[in-house]
Structures are given as C-alpha cells and as structure tokens.
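Below: the structure, in structure tokens.
Note that these values count all heavy atoms, side chains included, but never hydrogens, waters or copies made by symmetry. Position 1 is the first residue of the sequence, and the numbers go up from there.
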Amino acid sequence: ERRRRLVKGMVELMYDAGSAAFYDVQEPGSKQIRVLTPTIFFPLAIEELDRDLAKRVVDAHFDRESEFAAPLPMPSVAMREPAFFGGQTPFIWRGPTWAPTNWFLYHALKKRGFDSHAERLRRSLSALVEKSGFREYYDPVSGEGHGARQFTWSGLLVDMH
C-alpha cells in the first residue's frame, strides 16, 4: 500500500503529461525542474507504475535524437539541453554517459519488457569499455573515456549479461 501511495504521489508531483516525463522537484513548493535527464526514466523501476505510463515516457524520449538517442547512450542530460557537453569537464553530469545509469536503466527496462531498449544500453556500455577501457564516464558521441582510469563502475557491464 505504501508503494502504491508513493507512486501516486510521484505521478502527481513529478510527472508532466504534456511532455511525458518525470521531472525532479525543488523545494519549497515542489516546483518541477524541467530539465531532461535520465531520471525521467527512473520511476520505471517501480513495478507499481502503470505500464501505459511507462511506455509513454519511453516512446516520447528514449529514441529521440535530440534527447537520449546518442550514438553511445545514455547521456546524463538530453543533448538538446543548453548545458549538454559530453566531453571532459568539471561539470561532469551535464552530458557524459555513466555506467551506473546504464546499469540501472538496463534492469528497469528489462523488467518492464523494453528488451531492445535495455539491450541498446548494454551494447553501448560494452562499446565504451572496449574503446576506452574502464573509465569513470564517457563521451556519448565519440566514446572517449574521461575521469578516473580503471574505474570499477564500468565493471557493472558484467551484471548486464
């Protein structure tokens, strides 16, 4: 029951039907922060979330080239956002692909039956590791690895097989 109430609250507070996205909220006032990041997909991990609602979010954003359909997804902010930069930068959560995000969404999408979308994330992380090794984060366009080297987060790939 608690989970159902939580999902109901998330949908009421975070979901915007017009853009088919879950947004982070800022307090006070529960104001939606209308920046597209992979967190728009995170509620899909909750099994009580309506399947049709989950499908609307995936259909609206996952394969959109101006958003998350980077050559090597999942960028940490939609590519159309002004803050997007996939290369090495001190503002590291504004574009690069991160292994933990792909791992989390891989499992959420698989659980929901979005197998081809999940497989795309697995293949992406595999290609990134093959090209640049075990790195902290990667450019979602070029595949160039950045940040720490021999970083174990990329090892999550093993759990995606």
Side-chain angles (χ1 to χ4, degrees), residues 2-87 89 91-128 136-141 143 146-147 153-154 156-157 159-160:
R2 187 181 302 157
R3 289 169 64 102
R4 278 189 276 285
R5 284 196 321 263
L6 174 67
V7 169
K8 183 178 185 273
M10 287 175 66
V11 170
E12 290 172 0
L13 213 73
M14 302 170 72
Y15 184 71
D16 176 70
S19 59
F22 284 90
Y23 292 101
D24 296 328
V25 293
Q26 178 182 357
E27 296 298 339
S30 300
K31 180 183 175 212
Q32 289 182 351
I33 302 171
R34 300 191 53 92
V35 176
L36 293 173
T37 71
T39 60
I40 69 168
F41 302 110
F42 283 14
L44 276 65
I46 304 170
E47 61 191 51
E48 286 82 1
L49 183 72
D50 180 74
R51 166 85 172 133
D52 291 336
L53 182 58
K55 184 172 178 3
R56 281 195 297 274
V57 174
V58 171
D59 288 350
H61 301 283
F62 195 90
D63 292 321
R64 187 169 285 177
E65 288 185 17
S66 65
E67 293 178 8
F68 298 104
L72 296 159
M74 167 74 56
S76 51
V77 69
M79 294 183 293
R80 73 173 188 188
E81 295 287 349
F84 175 81
F85 181 75
T89 173
F91 307 106
I92 54 180
W93 286 95
R94 294 189 180 173
T97 295
W98 293 77
T101 302
N102 278 25
W103 174 83
F104 181 82
L105 289 176
Y106 169 85
H107 288 289
L109 291 164
K110 285 285 277 188
K111 184 167 68 171
R112 288 280 180 174
F114 297 106
D115 294 348
S116 65
H117 295 83
E119 182 59 21
R120 183 160 178 227
L121 296 180
R122 189 198 64 75
R123 283 192 320 267
S124 171
L125 185 54
S126 182
L128 290 164
E136 186 176 2
Y137 59 95
Y138 304 88
D139 185 305
V141 176
H146 297 294
W153 278 356
S154 301
L156 288 168
L157 178 60
D159 187 53
M160 295 168 74

For this session: Using ring-ring contact (aromatic ring centres under 6.0 Å, His included) as the criterion, list what pairs up with Y106, not counting sequence neighbours.
Result: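 Scan of Y106 (ring-ring contact (aromatic ring centres under 6.0 Å, His included), adjacent residues dropped) gives none.
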
Problem set entry | With F104 via ring-ring contact (aromatic ring centres under 6.0 Å, His included) - residues at least two apart | F42

Exercise. Among L13, D16, L49, which residue meets the side-chain contact (heavy atoms from CB on, under 4.5 Å) test with F22?
Worked result: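 Answer after filtering L13, D16, L49: L49.
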
For this session: Evaluate the criterion ring pair (Phe, Tyr, Trp, His ring centres under 6.0 Å) for residue pair F68 and F41; output intermediate values, then yes/no.
Result: CA-CA 11 Å; F68 298 104; F41 302 110; 5.4 Å; yes

Identify the two heavy atoms, one from [X] and one from [Y], that lie closest to each other, and give their separation to 0.1 Å.
X	Y	result
G143	L72	CA-CD1, 3.5 Å
G29	E27	N-OE1, 3.1 Å
S19	Y23	OG-OH, 2.9 Å
S154	A99	CA-CB, 3.7 Å
M79	A69	CE-C, 3.9 Å
T97	P140	OG1-CB, 3.2 Å

Any sub-3.5 Å donor-acceptor pair from [X]'s side-chain atoms to [Y]'s backbone N or O?
X	Y	result
E136	H146	no
T39	D24	no
H107	A45	no
R112	L44	yes
H117	D63	no

To the closest 0.5 Å, what do you measure between [atom1] ([X]) and [atom2] ([Y])?
X	Y	atom1	atom2	value
R122	L105	CZ	CG	15.5 Å
R2	E48	CZ	CD	12.5 Å
E12	K8	CD	NZ	4.0 Å
T37	H61	OG1	NE2	11.0 Å
M160	L157	CE	CG	6.5 Å

Please examine the side chains of [Y] and [X], heavy atoms only from C-beta on, and report whether any two atoms are closer than 4.5 Å.
X	Y	value
W93	W98	yes
D52	R56	yes
L156	P100	yes
K31	V25	no

For this session: Not counting sequence neighbours, which residues clear salt bridge (Lys or Arg N to Asp or Glu O under 4.0 Å) with E67? List them please.
Result: R64, R80

For this session: Decide whether Y137 and S76 meet the rule of one side-chain donor and one side-chain acceptor closer than 3.5 Å.
Result: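 There is no such pair between these side chains.
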
